[in-house]
Protein chains: 2
Amino acid sequence: MRISTKGDYATRALQDLALHYDEGPIPIEAIAQRQVLPARYLEQLLLTLKRAGVLASKRGVNGGYYLAKPPREVTLGQVLRAVDGPIAPIFCVSEENLREHCSQETTCALRDVWAEVRDAVSAIVDHTTLADICDRIRAKTKQRITYQI
Amino acid sequence: MRISTKGDYATRALQDLALHYDEGPIPIEAIAQRQVLPARYLEQLLLTLKRAGVLASKRGVNGGYYLAKPPREVTLGQVLRAVDGPIAPIFCVSEENLREHCSQETTCALRDVWAEVRDAVSAIVDHTTLADICDRIRAKTKQRITYQI
DNA sequence: AGATAGCCGACTGATTGACTCAAGTATTAA
DNA sequence: TTAATACTTGAGTCAATCAGTCGGCTATCT
Ligand code: FES
Ligand code: FES
């Protein structure tokens, strides 16, 4: 039940871009350094995120990537589905793949359980937006500062 | 977010064993045929399940595998953790691995989300027992028969 | 003794994961 | 107009994991 580094890296990158929303395009290299991610690898992740409509980009000097929509409108679910596939833990409960049926469906109750799992995970990632992430980080940071003083 | 074939096959096999609880030891080959699974592969899965305390076995003629505990006391979580690793979607929220910390923890709100996901999945698989699975199957079958008549 | 069936370790092939690289194109600043 | 910047594209690499097989051993029952 792991998410891949793609999902990990992509969400970290988006978290970073959300924190720097309104600062114009941000180059891959800047994100990679702040989040400590391999730049050339991140490159292709951001590209697929762009193709998925989550990101937009600007080339050349002062170019970079930026969110195509405000942080409030981007969910983790969109990001995860874009870089990894569907959320479903097993093919026979995938939102796509509706044609392909499991041979044992009639005598198998596991399918229902996997569907529950899928729905539970979806419920979380589809309701958590980048804005929520930012809020949590700011809350954390504030708390840390308060205690430090 | 996929479960591997190990998790898939193991749960299918246990579902089968639970349905045939009280029938004494059941040979691998019988399970493999009923559930349409590769027998030699299933062999090693059942063995790890035995080492995990979920199954017991008897050798020789009329031997086979059987549940070490009644179906009511075996959860899918136990099975999944035995054949695949921990449920956590990412290493930094794994129940084990408590020493290893993520470099970015203080400026990363994703960790909390992955923890939510882990808890949501755990809640399902740790509360679903093989007995629940059997009940569901029997309910399904009954329904099917009712409609067929 | 012979048949059955689990136990154990090793081995393999294919796929996927996690990257890296080279060359190209658009944009801007000097 | 040239140079620098930075995204775009496609291909290539390397290792690990996955999914499964195989041979031989040991225990048990008839
Ligand atoms: S695993 Fe697909 S129906 Fe049981
Ligand atoms: S991913 Fe581990 S703390 Fe953010």
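All chains are named by letter (A, B, ...) in the order of the sequence lines, taking the proteins before the strands, and each is independently numbered beginning at 1.
- Note: CD1 (B:I3) to C1' (D:dA19) measures 15 Å, nearest angstrom.
- When rounded to the nearest whole Å, the span between CG of A:D84 and C1' of C:dA18 equals 12 Å.
- Rounding to whole angstrom units, OH of residue A:Y41 and P of D:dC14 are separated by 17 Å.
- Taking A:R138 as the reference, nothing meets the side-chain hydrogen bond (donor to acceptor under 3.5 Å, both in side chains) condition, with sequence neighbours excluded.
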Could you please spell out the steps behind the salt bridge (Lys or Arg N to Asp or Glu O under 4.0 Å) verdict for A:D16 and A:R12? CA-CA 6 Å; A:D16 191 84; A:R12 299 243 300 267; over 6 Å; no

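- Every residue meeting the ring pair (Phe, Tyr, Trp, His ring centres under 6.0 Å) condition with A:Y9, not counting sequence neighbours, appears here in chain and number order: A:Y41.
- In terms of heavy-atom proximity, A:T107 sits nearest to B:I137 at O-CD1, 3.6 Å.
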What does the list of N/O pairs under 3.5 Å between the protein and nucleotides 5-9 of chain C look like, with a distance for each?
residue : atom : partner : partner atom : Å
C:dA5   : O4'  : B:G60   : O            : 3.1
C:dG6   : OP1  : B:I28   : N            : 2.9
C:dG6   : O3'  : B:S57   : OG           : 3.3
C:dC7   : OP1  : B:K50   : NZ           : 2.4
C:dC7   : OP1  : B:S57   : OG           : 2.6
C:dC7   : OP2  : B:Y65   : OH           : 2.1
C:dC7   : O4'  : B:R59   : NH2          : 3.3
C:dC7   : N4   : B:E43   : OE2          : 3.1
C:dC8   : OP2  : B:R51   : NH2          : 3.2
C:dC8   : N4   : B:E43   : OE2          : 2.7

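- The distance from atom CZ of B:R2 to atom P of C:dT15 is 17 Å, rounded to the nearest whole Å.
- A:Y9 has a side-chain polar atom (N or O) that falls below the 4.0 Å cut-off from OP1 or OP2 of C:dC19.
- Partner A:L130 forms a side-chain contact (heavy atoms from CB on, under 4.5 Å) with one of A:D135, A:L76, A:V54 and no other, that one being A:L76.
- Here the P atom of nucleotide D:dG20 and the CG atom of B:L37 are 9 Å apart, to the nearest Å.
- No side-chain donor-acceptor contact under 3.5 Å links B:T5 to the backbone of B:D8.
- Remark: B:T5 is in phosphate contact with D:dA19, judged by side-chain N or O atoms under 4.0 Å from OP1 or OP2.
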